[in-house]
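Just follow the structure's listing: the first ligand is 1, and inside any ligand the first atom is 1.
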Amino acid sequence: MEIKKGIGVSPGVVISTAVVLDAEDLVIPRRTIAPEDAGAETQRLGNAIAESVVHLAKLRDEVTAKHGKEIGNIFEFHLGILKDKSILKQITTEITQKFSTAEYAVSVVMRRYANMFTQMSNSYLSERVKDIHDIEKSLLRNLIGQKREDLAHLKQDVIVIAHDLLPSQTAALDKLHVKGFATDVGGRTSHTAIVARAMGIPAVVGLVNVTAEVSGGDTVIIDGNRGVVIINPDVDQLAEHREMERKLEALEIQLHELRELPAITKDGHTVSLQANIEFPNEVDDAVKHGALGIGLYRTEFLYLSQDTDPTEEDHYNAYAEALRRLHGKPLVIRTLDLGADKYREDKSGAAQQERNPFLGDRSIRMCLHDIPMFKRQLRAIMRASVLGDVRIMFPMISTLMELRQAKMVLNDVLEEMEEEDIPFRREIPLGIMIEVPSAALMANNFAKEVNFFSIGTNDLIQYTLAVDRTNERVAGLYTPAHPAVLQLIRDVIRAAGRNSIGVSVCGEMAGEPLYTLLLLGLGLTTFSMNGPDIPEVKKIIRSTTMEHARFVARKVMSFDSERQVMHFLRDQTRKIIPEAF
Ligand code: PEP
Ligand code: MG
């Protein structure tokens, strides 16, 4: 048995069998399969080789046509290796006699060959070692790729173990069978973590080398509440976690009963609890958890979930679907927040070229650099505005000029639509995310130019504290409880109040029970969070008074360290909802 501590990013306790995905550039650890699976594993190998052969033959033909036969022949060598009977026999023997996974068998045999070539005195042949590595990678890519695709069509329950998962890969996981996942890297508010929470899949990230320590077929416990992963648990651990699993399910049922009740304090203050979504079909689940509307629709997932850029029609259909499911409840459509950790797998090259992706060409900046793309989305939003309560929100605004430019593009769109006689609702509320310290500090100025603010604490924390939200190595420094972050939040809420505009928090902090009393006491009236978090937050609101929440906020704002803040909030919240701690 081995117990590993990481960062719990999505709550819940699950016990199941591991499937391990390897990253291409990692050493493939030794893993075994059950003897009866050797046939299927050999078949996977055969498929991977066939795929590589097709790919290489195509490449050879293209290169030959472009650069001549001599260069094209390089790939003849690759094809020769792939068709070499003795190599194939060695790999197959690893699988059928030593019961290694196909990945491990490929890497062992290919590395043996690479070593042999390195030692050759003939410089032509010793140079071929790079080609061998290339072939190994191509086969591993196919094998791992197949597994990633297989994840969408699982027949039994599994726990996914991976070096990393892209937000789009996480969103594509089969929720019915993927009971949980654990990764080597990642942080609490990475978009992968956010998607896991939204889908209700327990997850632990930032485990450093969990991919090397778990083998496919191992029994694994994921404890997303405590950030713990237990590999091959003993009988006692299994019993303890089964009991925990049961208790959490019971709590869930109990909280579910709050669904129809309003989020009102004991002394009569009502707040609005809304949900964050990535896809329109999440609306039903959000409403089921008691959401009064969608406070943040992360529309960039439209780009992440398909291979080609969405058309105006794709945008429109998604918004129309969300509105139809909402039956008149409000929908805050955030314009594209692409870039940083949100990119398509096929565009990962572009993302890597950003030297500092979170400070680079992301979000509203990217939209203002690509006006046709931005307009496509704005037109679709305005067309959908006649179907329900639509509100527009611009992300990552850092200067007034940026806001004014974005508004100008929107005005252009409205003029064009007017000329084309396309109906839209002119008076729709326009807001911005406050997630960059410069915007938080100038909230009073911004408040004069918009109808509402939504505080994006996920980014506000990383930009205020200079801590990458996706980096497990600095995750200990990433906290909403830092007094500097809290001061900014307090001041933004005050500026909104002074200027009589709406204000919400839509970062993960809004759904963390630990901060409910504080945010309530600071005067927040709208909270937008992952649907499953709503009942617990509602329970706290319904169990306290505004007077008490204000006392908590005053006290917290007098502290100068995050430790004091956390201790105090934990004490106060534990009194209301002990099961959460
Ligand atoms: C935020 O930054 O708090 C936010 C809600 O936006 P995202 O997590 O999509 O960056
Ligand atoms: Mg953000």
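Residue contact check: Gly507 has heavy atoms under 4.0 Å from atoms 3 (O), 5 (C) of ligand 1. Atoms of ligand 1 lying under 4.0 Å from any heavy atom of Cys506, numbered from 1 in the order shown and given with element: 5 (C). Every atom of ligand 1 with a heavy atom of Asp337 under 4.0 Å away is listed here by number and element: 9 (O), 10 (O). Taking every non-hydrogen atom of Ile194 and a distance limit under 4.0 Å, the qualifying atoms of ligand 1 come out as 8 (O). Here is the list of ligand 1 atoms found below 4.0 Å of a heavy atom in Leu296: 5 (C).
Note on Asp459: its N/O/S atom closest to the Mg ion (ligand 2) is OD2. No other N/O/S atom of Glu435 lies as close to the Mg ion (ligand 2) as OE1 does.
Electrostatic pairing of Glu312 and Lys375 does not count as a salt bridge here, judged by no charged N lying under 4.0 Å from a carboxylate O.
In this structure, the separation between CZ on Arg365 and OG1 on Thr399 is 9.0 Å, given to the nearest 0.5 Å. Here the CD atom belonging to Gln572 is positioned 13.0 Å from the CZ atom belonging to Arg570, to the nearest 0.5 angstrom. In this structure, CD1 in Ile333 is found 11.5 Å from CZ in Arg391, a value given to the nearest 0.5 Å.
Listed for the Arg469 side chain is no donor-acceptor partner under 3.5 Å among the backbone atoms of Gln462. Counting only distance, with no hydrogens or angles, the side chain of Asn451 and the backbone of Leu430 share a donor-acceptor pair below 3.5 Å.
By the 4.5 Å heavy-atom criterion applied to side chains, Arg325 and Glu282 are not counted as neighbours.
Look at Asp337 and the Mg ion (ligand 2): no N/O/S atom of the residue is under 2.8 Å from the metal.
Using a non-hydrogen distance threshold of 4.0 Å, Arg469 registers as a contact of ligand 1. Met396 does not count as a contact of ligand 1, since none of its heavy atoms falls under 4.0 Å from the ligand.
At the top of the distance list for atom 6 (O) of ligand 1, counting protein heavy atoms only, stands Arg334 NH1, 2.9 Å. Remark: minimum distance from atom 7 (P) of ligand 1 to any protein heavy atom is reached at His191 NE2, 3.2 Å.
Here Phe446 and Phe453 keep their ring centres 6.0 angstrom or further from each other.
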